[in-house]
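Report on the structure given below.
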There are 2 protein chains.
Amino acid sequence: MAATPTSGNGARRTQAQRSAATREALLDATLACLVEDGYARTTTTRVAERAGLSRGAHLHHFRTRNALVAAAIGHLAERWTQELLAAAEDLPTGRERLAEGLDLVWRSYANPLFQAALDLWTQARTDAELREHLLAVERQLDRQTLELARRLFPDLAARPTFEPLVEMAISTIRGLALLDTLHPDGARNRKQWPSCRAMLVTLLQAEPAGDD
Amino acid sequence: MAATPTSGNGARRTQAQRSAATREALLDATLACLVEDGYARTTTTRVAERAGLSRGAHLHHFRTRNALVAAAIGHLAERWTQELLAAAEDLPTGRERLAEGLDLVWRSYANPLFQAALDLWTQARTDAELREHLLAVERQLDRQTLELARRLFPDLAARPTFEPLVEMAISTIRGLALLDTLHPDGARNRKQWPSCRAMLVTLLQAEPAGDD
DNA sequence: GTGTTTGCGTTCAGGCCTGAATGTTCTTGG
DNA sequence: CCAAGAACATTCAGGCCTGAACGCAAACAC
């Protein structure tokens, strides 16, 4: 048997593999901690505990708490967009496509990860270092979202009002998702979303581009 | 001259007056601290410093940090609604009334106090005690806002879709105001708001109640 | 196998915050 | 003027968190 560790059964891992695994575990633990405990209680001790590692391991990979959080932001953004893009592939064609597309975005915000992001967001207001990281991520996410919208609805995208409409839809969804913060079950939102979605569909289809 | 202290020139104040003044100073300092430093850095020490008082005075009036924050929430809500209601009195009549009304709400959210409220909001997600207080305030604010909308636009209020429309408008505004968190100058929002407002006006006036 | 590097665990010092206990000053009523 | 009590100040103990120092063991180079 070749002793190549890259394809090993797990018993024998190369240094790089070990390192990557612990990094991943730390980042996952950080996100879980942000979701469940909030930013304030996302301490180095707690994250290490949750990851099943020591604080030493933590400090080895991320020398400060801020470094950990910065990496976690990237991790979060990546996961989020991947989920969104993956779900977008299954979007049906036909007259329900627009409503389903809005549902898609809605679901991506009615999601624990958004709560974690929101927590980071508000903290960033009074933390310059955090703000730097989040601004970069925000720009990228906005760009990707708009691009996705254009790709999914090319006929609507031709209209000059498309971009403001998409931005408004996202703002509405964000505002609604904000309510979930205090209503963990989300009962309140699930009631408001259908009517909001209907209104957004009305706006987006206001002047159909002829193709129907 | 009668030495009645209730109308005193300030040199001689009754105990109740002194007490009320320090309470007020502490609450104001708390809000200022929430706005400028955020919830995490709103510590008893810092609030007392900012109010020009000692920590002893603080603990005399509010025995715990949570008690202070709870009182500050009420203070914030009261200020906010008062500003909103006062501004509503000057709303012009005529065809610009609706757009001006939306601007009114918009301005009440594009406001440092909202940032402070947002901070409390996100913290409340993982703090049961805080959540209790905020839920009560949220219910009251929502009720007052809807009531105000009905009073200002009685003709629109007759339609069954009025309530969902108002809720959507508020959600959109909240979502937009969220962006201000990372963009202190608010440049980005001031660009997006006009088009959002136009769309909301379109929706609200979709089926005019005949009176125009 | 041996030595070096890398990943990781343990312990410690310093700092900030909270809440409680204990003084000190000022108001009020007699 | 004096005593009682409220308002306010000061100090202290306990707890949690961060970041750094030090030590061990596993993995790669030879």
Side-chain angles (χ1 to χ4, degrees), chain A residues 2-27 29-30 33-34 37-70 72 123 126-127 129-130, chain B residues 2-27 29-30 33-34 37-70 72 123 126-127 129-130:
Chain A
T4 49
T6 52
S7 65
N9 49 18
R12 204 180 195 84
R13 293 182 304 171
T14 177
Q15 295 279 46
Q17 283 174 320
R18 280 163 50 100
S19 197
T22 39
R23 258 186 82 95
E24 191 79 6
L26 280 169
L27 290 179
T30 305
C33 209
L34 280 171
D37 303 329
Y39 180 84
R41 278 191 269 268
T42 299
T43 73
T44 54
T45 308
R46 202 177 276 243
V47 167
E49 259 176 31
R50 192 184 275 269
L53 296 165
S54 72
R55 290 200 53 241
H58 177 193
L59 262 76
H60 177 72
H61 288 281
F62 304 98
R63 296 189 57 188
T64 73
R65 181 187 188 233
N66 272 339
L68 176 71
V69 172
Q123 294 296 329
T126 53
D127 183 331
E129 197 174 341
L130 203 52
Chain B
T4 50
T6 51
S7 67
N9 49 19
R12 205 181 195 85
R13 291 182 306 170
T14 179
Q15 296 280 44
Q17 284 174 319
R18 282 162 48 99
S19 197
T22 44
R23 257 186 83 95
E24 191 80 6
L26 280 169
L27 290 179
T30 306
C33 210
L34 280 171
D37 303 330
Y39 180 84
R41 277 189 271 268
T42 299
T43 74
T44 55
T45 308
R46 203 177 276 244
V47 167
E49 259 178 31
R50 192 185 275 270
L53 296 167
S54 71
R55 291 198 55 240
H58 177 192
L59 264 74
H60 178 71
H61 288 281
F62 304 98
R63 297 188 59 188
T64 73
R65 182 188 188 230
N66 272 339
L68 175 72
V69 172
Q123 294 296 327
T126 51
D127 183 332
E129 196 174 341
L130 203 53

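Naming convention: chains lettered A, B, ... in sequence-line order (proteins, then strands); numbering from 1 in each chain.
- If you check distances only, the side chain of A/R55 does reach the base of D/dG19 with a donor-acceptor pair under 3.5 Å.
- Distance CZ (A/R65) to C1' (D/dC17): 9 Å, rounded to an integer number of Å.
- Ranked by how close their nearest DNA chain C nucleotide is to the 5' end, A/S54 and B/T43 are led by A/S54.
- The nearest whole Å value for the distance from the CG atom in B/L53 to the P atom in D/dT10 is 11 Å.
- B/E129 has its CD atom 14 Å from the P atom of C/dT18, to the nearest Å.
- For the pair A/R23 CZ and C/dT6 C1', the interatomic distance rounds to 15 Å; values are reported in whole Å.
- In this structure, A/H61 reaches the sugar-phosphate backbone alone: every heavy-atom distance under 4.0 Å involves primed, P, OP1 or OP2 atoms, never a base.
- For the pair A/N66 and B/H60, nearest-nucleotide mapping onto DNA chain D gives the more 5' position to B/H60.
- Across the protein-nucleic acid pair, B/R41 atom CZ and C/dC16 atom P stand 13 Å apart, rounded to whole Å.
- Panel note: side chain A/R41, backbone A/C33; no donor-acceptor pair is recorded below 3.5 Å.
- The distance from atom CZ of A/R18 to atom C1' of C/dG7 is 5 Å, rounded to the nearest whole Å.
- To the nearest angstrom, C1' of D/dA7 lies 14 Å from CZ of B/F62.
- Atoms CZ (A/R63) and P (D/dA20) sit 6 Å apart, rounded to a whole Å.
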